[in-house]
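Report on one structure; see the data block that follows.
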Amino acid sequence: MLDIELIRKKPNFVKERLATRDKSLPELVDEVLELDKKRRSILVELENLRAERNKKSKEIGFLRREGKDTSDLERQVKEFKERIEALEEEFRRVQENLRKVMLRIPNLPHESVPVGEDEEDNVEVRRWGELKEFNFEPKPHWEIGESLGILDFERGARLAGSRFTVVKGWGARLERALINFMLDLHISKGYKEILPPHLVRPEILEGTGQLPKFEEDLYRCERDDLYLIPTAEVPLTNLFRGEILKEEDLPIYLTAYTPCYRREAGSHGKDIRGIIRQHQFNKVELVKIVHPETSYEELEKLTLDAEEVLRLLGLPYRVVELCTGDLGFSAAKTYDIEVWFPSQGRYREISSCSNCEDFQARRMNTRFKDSSGKNRFVHTLNGSGLAVGRTLAAILENYQREDGKVEVPEVLRDYVKADLIE
RNA sequence: GGAGAGGUGGCCGAGUGGCCGAAGGCGGCCGCUUGCUAAGCGGCAGAGGGUUAACAGCCCUCCGAGGGUUCGAAUCCCUCCCUCUCCGCCA
């Protein structure tokens with residue numbers, strides 16, 4: 001949620017920044033301004049009435065104690081009541097409308113973010129690793145996985161439909177090894193491991209920005225009004241919702257392995273083959289809750305922490321900075337890490353690291369008391385460290401041999417307890 | 001799932017219809033005092049919002065959430081959420 005005061009004081013600035021995401025957004029700002037103005041004018045009137053009512057009620061108390069008659073005053077207060085109730089009703093209505101609009105406005109892009117429309121305009125920041133030369137035609141991971149008997153798409157579909165896959169044998173083992181390897185690495189960097197609920201209440205998803213706008217993308221358990229988490233970012237970031245933290249508690253570094261559940265409503269034709277885009281996939285997530293002054297430094301560090309996983313695995317990647325038009329709803333700035341897929345001859349997203357500044361904190365009401373005793377919103381960051389399924393796919397492709405077997409990356413050998421998958 | 005108890009400020013905890021935004025304690029901040037990482041004394045301090053040049057003053061709202069009763073609700077009533085105890089069930 002944006003700061004309503006900023007919208008009030010610098011409406012044109014806010015509109016300009018939002019327009020770099022989407023040209024239709026400035027209209028929402030006008031809507032906010034109008035509703036806010038209305039809200040405040042009602043509020044002033046309402047508060048005056050309430051002040052007067054309170055005064056008279058108090059007077060009744062005094063007079064009663066002296067045994068005096070108060071029926072005249074009581075009648076007066078009763079009249080106030082009707083006017084107050086009518087105004088309260090109107091106030092609630094306007095307030096609720098205002099909130100609804102506010103919740104649908106995305107975060108302002110940071111000034112450093114390149115302006116652009118879509119992923120075409122993203123800017124490459126750096127590359128790492130040598131692309132391996134294959135003296136044969138590298139196969140896509142789904143072919144490798146099927147012939148090794150570790151990825152079973154047919155039975156996955158039988159159990160749960162398309163975009164569900166069964167991972168078997170050495171594949172399952174490799175995936176589990178990846179999860180442990182990633183967690184161990186992040187823990188060694190000071191992240192605290194969390195095992196959160198996978199089902200959460202609607203307001204939790206509102207806190208991180210998935211609701212109300214992206215209801216379609218979520219699995220919902222209707223009977224209990226709970227949602228399956230689309231990413232561990234949701235429970236991790238919300239961990240301190242409603243709390244006032246101590247300044248010295250910051251920064252907080254969290255990591256968690258969870259499956260992620262996504263309906264992928266808007267991506268029908270995309271990546272139908274393989275395990276790039278699944279309804280359920282494993283991910284190790286990184287979340288930071290930090291002091292506002294340090295959040296951009298922390299974003300750089302967080303991105304490097306995610307990158308390190310790929311470096312240690314020896315997988316070539318590049319980092320791109322998302323342009324304004326490609327930025328996610330809650331993010332002020334995002335780096336995507338993309339790993340090399342030989343069969344596709346291109347880099348594919350494997351991690352997304354974002355600074356949300358105080359956008360989520362405002363929705364969750366997570367604050368800290370600064371040295372002057374003031375309560376301020378924290379800044380929140382999140383990043384994949386990494387998407388495990390995609391990492392598995394990348395390993396299959398980058399470490400494949402002509403004979404169809406797949407080497408196990410050096411750092412994983414102790415975890416997998418094998419050098420070669422065959 | 002059944003029975004019971006309870007949700008009050010950073011924490012603990014008192015408060016059953018008006019002088020309660022809330023005693024007291026702990027913790028915090030400021031000052032004084034004491035020559036020894038402490039103690040004593042005094043003072044300050046809840047959150048959100050409106051008005052405003054103002055972090056001054058004034059006002060409004062908030063005692064789990066939402067309704068209701070009343071001139072007036074932390075206090076009475078209803079619904080929901082959550083926590084705890086016991087029983088049941090269960091990995």
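All values below come from the heavy atoms of this structure, side chains included, with hydrogens, waters and symmetry mates left out. Residue numbers start from 1 in every chain, and the chains themselves are labelled A, B, ... in the order their sequence lines are given, proteins ahead of strands. Note that the structure is a prediction, hence the values are computed from the model and not measured.
A gap of 14 Å separates the P atoms of G15(B) and A23(B), to the nearest Å. For the P atoms, the distance from A5(B) to C90(B) is 28 Å, rounded to whole Å. Between G17(B) and A74(B), the two P atoms lie 13 Å apart (nearest whole Å). Comparing the P positions of U52(B) and C62(B) gives a spacing of 23 Å, expressed to the nearest Å. With C1' as the reference atom, G2(B) and C71(B) are 43 Å apart, rounded to whole Å. For the P atom pair drawn from A47(B) and C11(B), the interatomic distance equals 13 Å after rounding to whole Å. Rounded to whole Å, the separation between the P atoms of U83(B) and C32(B) comes to 49 Å. Comparing A3(B) with G13(B), their C1' atoms sit 28 Å apart, to the nearest whole Å.
Taking the ring centroids of Y296(A) and H379(A), they lie at or beyond the 6.0 Å cut-off. Ring-centre distance between F368(A) and H291(A): below the 6.0 Å cut-off. Taking the six-membered ring wherever Trp is involved, the centroid distance between the rings of F377(A) and F359(A) does not fall below 6.0 Å. When ring centroids are compared, Y227(A) and Y219(A) stay outside the 6.0 Å threshold.
Taking every side-chain heavy atom of R50(A) into account, U61(B) is the closest of G10(B), U70(B), U61(B). Residue R92(A) places its side chain closer to G67(B) than to any other of G67(B), G72(B), G49(B). Closest to the side chain of A51(A), out of C59(B), G50(B), G18(B), is C59(B).
The base-pairing partner of A38(B), taking Watson-Crick or G-U wobble contacts with both distances under 3.5 Å, does not exist among the strands shown. The partner of A53(B) cannot be assigned: no Watson-Crick or G-U wobble pair with both contacts below 3.5 Å exists in any strand. Judged by Watson-Crick or G-U wobble contacts below 3.5 Å, the nucleotide U70(B) has no partner. Across all strands shown, the partner of A3(B) is U85(B), judged by Watson-Crick or G-U wobble contacts whose two distances both fall under 3.5 Å. Applying the Watson-Crick and G-U wobble criteria (two distances, each under 3.5 Å), G10(B) pairs with C26(B). When Watson-Crick and G-U wobble pairs are counted only if both distances are under 3.5 Å, A47(B) pairs with U61(B).
Look at CZ on F80(A): it is 19 Å from P on U70(B), rounded to the nearest Å. Atoms CZ (R376(A)) and P (A47(B)) sit 15 Å apart, rounded to a whole Å. Following rounding to the nearest Å, E52(A) (CD) and C71(B) (P) show an atom-to-atom distance of 18 Å. Put simply, CD1 on I4(A) is 16 Å from P on G48(B), counting in whole angstrom units. Atom CD in E85(A) sits roughly 9 Å away from atom P in G72(B) (whole-Å rounding). For E243(A) and A47(B), the CD to C1' distance is 15 Å, given to the nearest whole Å. Put simply, CZ on F368(A) is 17 Å from C1' on G28(B), counting in whole angstrom units. Look at CZ on R53(A): it is 7 Å from P on G72(B), rounded to the nearest Å.
Side-chain nitrogen and oxygen atoms of N54(A) include at least one within less than 4.0 Å of the OP1 or OP2 phosphate oxygen of U61(B). R367(A) has a side-chain polar atom (N or O) that falls below the 4.0 Å cut-off from OP1 or OP2 of G48(B). For the OP1/OP2 pair of C59(B) and a distance below 4.0 Å, the side-chain nitrogens and oxygens of N48(A) include no atom meeting the criterion.
R8(A) comes within contact range of the sugar-phosphate backbone alone, with a heavy-atom separation under 4.0 Å but no base atom that close. Note on L73(A): nothing from the nucleic acid sits closer than 4.0 angstrom, heavy atoms only.
Using a 3.5 Å distance cut-off with no hydrogens or angles, the side chains of N107(A) and S330(A) do not pair a donor with an acceptor. Counted by atom type alone, K192(A) and T255(A) present zero donor-acceptor pairs between their side chains at under 3.5 Å.
Between K56(A) and E5(A), it is E5(A) whose nearest contact on RNA chain B lies nearer the 5' terminus. Residues K369(A) and R40(A) both approach RNA chain B. Their nearest nucleotides, taken by heavy-atom distance, put K369(A) toward the 5′ side.
Between the D224(A) side chain and the C221(A) main chain, no donor and acceptor come within less than 3.5 Å of each other.
Between the side chain of R64(A) and the base of G18(B), at least one donor-acceptor pair of N or O atoms lies under 3.5 Å. For a distance-only test at 3.5 Å, the side chain of E47(A) qualifies as a donor-acceptor partner of the base of G49(B).
With respect to V234(A), the side chain to side chain contact (heavy atoms under 4.5 Å, CB included) criterion is satisfied by exactly one of L218(A), T258(A), T208(A), L228(A): T208(A).
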